[in-house]
Number of protein chains: 4
Amino acid sequence: CSRSMASKTPVGFIGLGNMGNPMAKNLMKHGYPLIIYDVFPDACKEFQEAGEQVVSSPADVAEKADRIITMLPTSINAVEAYSGTNGILKKVKKGSLLIDSSTIDPSVSKELAKEVEKMGAVFMDAPVSGGVGAARSGNLTFMVGGVEEEFAAAQELLGCMGSNVVYCGAVGTGQAAKICNNMLLAISMIGTAEAMNLGIRLGLDPKLLAKILNMSSGRCWSSDTYNPVPGVMDGVPSANNYQGGFGTTLMAKDLGLAQDSATSTKSPILLGSLAHQIYRMMCAKGYSKKDFSSVFQFLREEENF
Amino acid sequence: CSRSMASKTPVGFIGLGNMGNPMAKNLMKHGYPLIIYDVFPDACKEFQEAGEQVVSSPADVAEKADRIITMLPTSINAVEAYSGTNGILKKVKKGSLLIDSSTIDPSVSKELAKEVEKMGAVFMDAPVSGGVGAARSGNLTFMVGGVEEEFAAAQELLGCMGSNVVYCGAVGTGQAAKICNNMLLAISMIGTAEAMNLGIRLGLDPKLLAKILNMSSGRCWSSDTYNPVPGVMDGVPSANNYQGGFGTTLMAKDLGLAQDSATSTKSPILLGSLAHQIYRMMCAKGYSKKDFSSVFQFLREEENF
Amino acid sequence: CSRSMASKTPVGFIGLGNMGNPMAKNLMKHGYPLIIYDVFPDACKEFQEAGEQVVSSPADVAEKADRIITMLPTSINAVEAYSGTNGILKKVKKGSLLIDSSTIDPSVSKELAKEVEKMGAVFMDAPVSGGVGAARSGNLTFMVGGVEEEFAAAQELLGCMGSNVVYCGAVGTGQAAKICNNMLLAISMIGTAEAMNLGIRLGLDPKLLAKILNMSSGRCWSSDTYNPVPGVMDGVPSANNYQGGFGTTLMAKDLGLAQDSATSTKSPILLGSLAHQIYRMMCAKGYSKKDFSSVFQFLREEENF
Amino acid sequence: CSRSMASKTPVGFIGLGNMGNPMAKNLMKHGYPLIIYDVFPDACKEFQEAGEQVVSSPADVAEKADRIITMLPTSINAVEAYSGTNGILKKVKKGSLLIDSSTIDPSVSKELAKEVEKMGAVFMDAPVSGGVGAARSGNLTFMVGGVEEEFAAAQELLGCMGSNVVYCGAVGTGQAAKICNNMLLAISMIGTAEAMNLGIRLGLDPKLLAKILNMSSGRCWSSDTYNPVPGVMDGVPSANNYQGGFGTTLMAKDLGLAQDSATSTKSPILLGSLAHQIYRMMCAKGYSKKDFSSVFQFLREEENF
């Protein structure tokens with residue numbers, strides 16, 4: 001990912017939210033002029049002041065840039081940005097490279113890819129893992145689905161925003177990889193919370209139990225890197241009242257996508273499905289803005305009862 | 001763990017099954033004369049032929065040895081060996097060290113400890129992780145619960161049979177640590193199987209998906225060391241039609257202990273409980289002798305349907 | 001539902017499958033001339049021979065009839081029949097009454113209703129409960145969603161095919177009622193199977209246990225009318241090797257719709273979601289064509305293990 | 001159940017708690033002199049003032065009465081009352097009839113029966129359904145396990161306290177029947193709450209939805225007699241802020257017994273096990289004293305979120 005300012009053509013960026021904002025800034029740092037659009041004009045101000053060009057629709061972005069990154073919250077928003085009345089597809093140029101970094105249903109990614117292909121352009125899905133912090137520091141992981149020949153072109157841009165750009169296969173497999181990872185993450189996080197809580201009630205010291213799990217077959221990222229029990233590790237959300245990190249609402253959303261994909265492919269996901277319901281319950285019970293490791297708190301007996 | 005033959009007093013060993021047999025042999029290798037008992041006389045033959053002393057009840061073991069290891073399949077067998085008509089407690093000497101390496105209900109361990117203490121002896125629970133292979137090579141992990149002052153004495157013997165001897169806290173915490181680890185293991189194994197199966201159905205290559213999970217937050221022992229999908233790793237049960245390894249029946253048993261402990265301590269274990277039921281179903285459906293990673297096979301659609 | 005032959009204008013019928021076929025015949029019996037379409041021409045033969053008019057697209061049905069019943073297997077088929085290239089909406093007349101008896105996602109019903117309304121016609125969702133037998137005998141239950149003023153008009157036709165036509169509220173609520181009922185049905189059926197199986201293993205006689213449940217608070221339709229244990233009741237699928245009845249695949253489909261609706265409305269369905277996964281597993285394990293009460297068989301230990 | 005005062009020999013009653021108190025009073029009303037014991041002396045006062053004989057241990061009860069009813073909260077209490085230092089078995093007379101109406105683990109009932117039999121007496125398990133109200137009005141249901149020849153003798157006493165006395169089979173089957181019923185009850189109650197909540201979010205009127213379920217295959221006692229949604233029915237706990245009725249703690253206890261029985265008989269209970277965990281969570285989250293139908297409230301989104 002070259003820092004040379006010379007000869008860089010502008011890159012379109014649609015969706016300047018919590019994640020899109022620092023991602024776009026990393027592209028700027030690497031010398032790419034940006035063509036910016038967001039449904040909320042306020043989200044564009046900062047970029048306008050920095051000298052980037054703000055336009056008034058996805059279609060206008062497509063008119064001015066032949067490489068576009070989209071970073072949107074839901075499948076519906078992505079469909080609107082591509083196929084809506086003033087969507088990208090209305091003015092997309094032949095040969096354009098459209099990279100969608102939103103986390104959405106893989107079947108929607110496939111649909112979008114078909115429509116984009118009809119216009120003679122290329123679509124890749126490239127959802128990210130790593131939160132706002134990784135977005136700022138340019139350390140996101142991108143999981144990329146699409147035609148393999150175009151991967152190098154995508155990598156040029158994505159490498160400015162992430163330290164890890166993984167090719168996953170045909171269109172939709174980027175989403176698939178992300179969904180599968182996050183489902184397994186949710187399952188092992190809840191499992192870690194249950195095992196730690198049970199162990200504590202059986203008289204084990206939490207730090208010692210974590211140490212034992214981490215040198216045994218129960219070891220997982222949730223136990224050794226992101227332990228949900230306050231006092232076991234520093235620098236993780238459980239050490240900070242579950243603030244920051246990856247919110248319960250976002251995890252519930254990703255599990256909803258896993259559920260939809262499992263239903264449409266008729267894949268049984270017994271634990272994945274229950275994990276989904278547990279995060280749904282947490283959202284209903286006041287945990288929506290806390291980090292998803294707060295499931296440990298959700299399981300514990302409340303004070304005063 | 002000294003190999004010096006001089007001055008070693010005999011060690012009692014009760015329970016010479018699949019695990020007990022190689023464990024006892026490792027004690028022999030380190031120069032400990034053994035006093036042997038098993039309810040199945042055939043299990044003792046080999047030791048008799050090797051010159052060890054075989055006696056006819058746990059009580060007789062206790063009469064001749066003041067350090068005893070027990071390695072039995074269930075809580076009921078352990079209670080019988082200690083408190084039965086011809087149990088250890090009938091003839092145990094004051095100051096004896098009784099180490100139970102069976103995996104049983106921690107509340108039963110606590111009960112046994114109380115009775116042993118009344119006789120002026122010391123009880124420690126020291127269940128193992130690692131299967132028959134680790135038992136043979138002396139690489140078991142022991143999780144030890146009991147009075148801390150006695151841990152060094154236990155370590156002398158356990159160190160001959162395992163490479164890892166961990167002090168966990170008061171009596172019962174050895175069992176608690178093992179149960180919590182295995183519950184988390186079951187959860188992450190099923191989770192890995194579900195995520196891998198879903199990913200494959202969504203078009204991902206299994207090896208690539210495993211690689212992505214293992215460098216992301218879904219990483220766990222079940223995905224990176226013991227992957228359940230045939231073709232992803234060598235040298236694991238999934239590469240050998242799920243033969244060998246840790247049987248589904250044994251996992252179902254350990255999850256039953258986790259369930260009992262959770263019920264008696266009123267700890268919610270939503271995923272742990274469902275994992276228990278899934279392994280119960282597998283036992284009912286012909287998977288009882290396969291390795292517990294065969295849950296991947298259980299989830300898959302059968303041929304011909 | 002009058003049997004008078006006079007003055008009856010033709011009714012369109014799209015989808016002559018297992019359910020649509022006997023439903024359409026009941027309309028014929030009540031004197032309604034039919035305009036018929038099915039994607040599989042063979043499905044229309046019988047009606048052609050009986051003198052009904054067969055046309056070559058949903059659009060053609062809409063051209064010739066201003067009351068149309070659709071009875072299709074999935075949301076996708078319904079969308080195609082209404083909004084497809086040769087769909088109903090291409091030629092629908094103002095003031096037409098379009099009744100969809102398919103079981104589909106309520107949000108799709110709402111979408112269709114909006115499009116139909118734009119054309120000046122009326123859409124109602126009217127899924128059925130009761131299987132092929134009830135369809136033949138005209139004893140279906142219809143759960144109807146749509147504008148209340150049009151309910152009487154719908155009732156005129158639906159009353160020829162069902163003995164129970166229930167108004168549920170706005171468009172989509174017919175689907176909602178059906179989905180909720182079937183989710184509760186699946187849950188109580190699995191619950192009944194689990195309770196009966198546990199009781200039998202604890203030494204209870206199945207008939208006696210069923211009797212006790214049915215006079216106690218465990219009573220439900222699955223225990224008192226459709227008991228899943230062979231030998232407890234006559235004339236139900238469990239008495240006939242789980243043949244006939246409501247297939248496991250269909251239950252899995254309806255639970256998929258419940259899951260989708262719950263995900264999109266963020267409603268927690270812990271048991272509903274697990275019931276969904278259990279029926280998914282059953283489909284994968286050879287139970288797809290058996291009645292959904294075969295979950296009792298699925299839970300039982302297999303012979304030879 | 002005769003009201004004649006003549007010739008009635010005294011009946012022992014151990015355990016005068018919320019349920020035991022009104023049950024004992026009904027025996028008094030029918031003319032039985034009582035021999036009373038409770039670990040809490042205060043619980044006996046009322047009976048002493050009414051002229052009944054209060055003694056100081058279960059053994060003393062057994063000395064003075066050859067028919068004894070026990071009504072205790074847990075397996076541990078029952079074991080203590082029978083086999084403890086001053087337990088019934090210390091002084092029980094040959095030919096005595098001992099009826100345990102506690103809800104406990106069926107395997108404990110079987111153990112007690114064996115010990116009682118060794119003393120030449122008869123043991124029957126006879127747990128009840130119906131709460132404090134039914135206990136007061138003498139309308140309990142008794143589910144009785146034990147030797148069939150002794151059933152008539154048990155019925156004479158139980159018939160004074162309940163309107164329904166059902167013979168279930170060998171010792172332990174009374175408990176088994178109760179446990180299976182309550183497990184199915186918990187499952188269908190949670191299922192009803194999920195279905196009603198989902199339906200309401202999909203736009204259905206709760207009363208109408210209840211009506212539809214109750215005339216369809218989703219019908220169950222929880223939907224038609226004890227609906228958990230406020231406003232649907234009168235005279236049930238949901239109409240009174242979930243006060244009264246059958247407490248969440250008691251349901252969690254019974255589900256714990258079901259879980260233990262299922263584990264020891266290796267019976268899969270996928271939904272039963274999840275229902276257990278849900279009631280565990282509810283106990284941890286402040287619902288312990290509310291009626292078990294408050295699971296509807298637990299599922300709902302909280303205000304202010």
Side-chain angles (χ1 to χ4, degrees), chain A residues 106 129 141 143 164 166 168-170 172-173 175-177 179-188 190-192 194-199 201-205 208-209 211-213 215-223 225-226 258 261-262 265-272 274-275 278 299 301, chain B residues 106 129 141 143 164 166 168-170 172-173 175-177 179-188 190-192 194-199 201-205 208-209 211-213 215-223 225-226 258 261-262 265-272 274-275 278 299 301:
Chain A
S129 80
T141 293
M143 303 174 210
N164 225 335
V166 188
C168 296
T173 54
Q175 301 293 353
I179 283 172
C180 291
N181 181 72
N182 281 13
M183 185 177 84
L184 182 49
L185 169 60
I187 291 169
S188 48
I190 300 172
T192 301
E194 290 183 3
M196 292 293 300
N197 186 42
L198 177 59
R201 280 170 177 251
L202 288 170
L204 284 158
D205 172 76
L208 178 61
L209 176 54
K211 195 185 130 197
I212 293 171
L213 295 176
M215 64 190 216
S216 308
S217 50
R219 165 179 64 76
C220 59
W221 185 89
S222 297
S223 69
T225 303
Y226 207 85
S261 296
T265 58
K266 300 186 179 173
S267 313
I269 50 162
L270 291 115
L271 297 191
L274 182 50
I278 292 169
L299 291 174
E301 197 152 351
Chain B
S129 81
T141 293
M143 305 174 207
N164 226 333
V166 189
C168 296
T173 53
Q175 300 294 352
I179 283 172
C180 291
N181 181 72
N182 281 14
M183 183 177 86
L184 182 49
L185 170 60
I187 291 169
S188 48
I190 301 172
T192 301
E194 291 183 2
M196 293 293 300
N197 186 43
L198 176 59
R201 281 168 177 255
L202 288 170
L204 284 157
D205 172 75
L208 178 62
L209 176 54
K211 195 184 131 196
I212 294 171
L213 296 176
M215 65 189 218
S216 309
S217 49
R219 164 179 62 77
C220 58
W221 184 89
S222 296
S223 68
T225 303
Y226 206 86
S261 296
T265 58
K266 300 186 179 174
S267 314
I269 50 162
L270 292 114
L271 296 192
L274 182 50
I278 292 169
L299 291 174
E301 197 154 352

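Below, chains carry the letters A, B, ... as their sequence lines are ordered, and counting in each starts from 1. Please read all numbers here as calculations on a predicted model, not as lab measurements.
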Top contributor to chain A interface from B/Cys180, B/Cys220, B/Ser261 [non-hydrogen pairs under 4.5 Å]: B/Cys180

Give, as side chain, backbone, both or neither, the part of A/Ala170 having an atom under 4.5 angstrom from any heavy atom of chain B. neither

Evaluate the criterion side chain to side chain contact (heavy atoms under 4.5 Å, CB included) for residue pair A/Leu271 and B/Leu274; output intermediate values, then yes/no. CA-CA 7 Å; A/Leu271 297 191; B/Leu274 182 50; 3.8 Å; yes

So, using side-chain hydrogen bond (donor to acceptor under 3.5 Å, both in side chains) as the criterion, who are the partners of A/Thr141 when residues are at least two apart? none

Is there a side-chain hydrogen bond (donor to acceptor under 3.5 Å, both in side chains) between A/Thr225 and B/Arg219? Walk through the geometry before answering. CA-CA 10 Å; A/Thr225 303; B/Arg219 164 179 62 77; 3.3 Å; yes

Contacting region of A/Leu208 [heavy-atom separation from chain B under 4.5 Å]: side chain

Could you tell me whether a side-chain N or O of B/Glu194 sits under 3.5 Å from a main-chain N or O of A/Leu270, the two making a donor and an acceptor? yes

To the nearest 0.5 Å, tell me how far A/Ser188 OG sits from B/Ile187 CD1. 9.5 Å

Just verifying a value: how many Å separate B/Met215 CE and A/Asn164 CG, rounded to the nearest 0.5 Å? 4.0 Å

Test log, rule side chain to side chain contact (heavy atoms under 4.5 Å, CB included), inputs B/Leu184 and A/Met196: CA-CA 9 Å; B/Leu184 182 49; A/Met196 292 293 300; over 6 Å; no

Look up atom CG in A/Asn181 and atom OG in B/Ser216, then write down how far apart they are to the nearest 0.5 Å. 4.5 Å

A/Ile269 portion near chain B, given a 4.5 angstrom heavy-atom threshold: both

Minimum side-chain heavy-atom gap B/Leu202-A/Thr173 below 4.5 Å: no

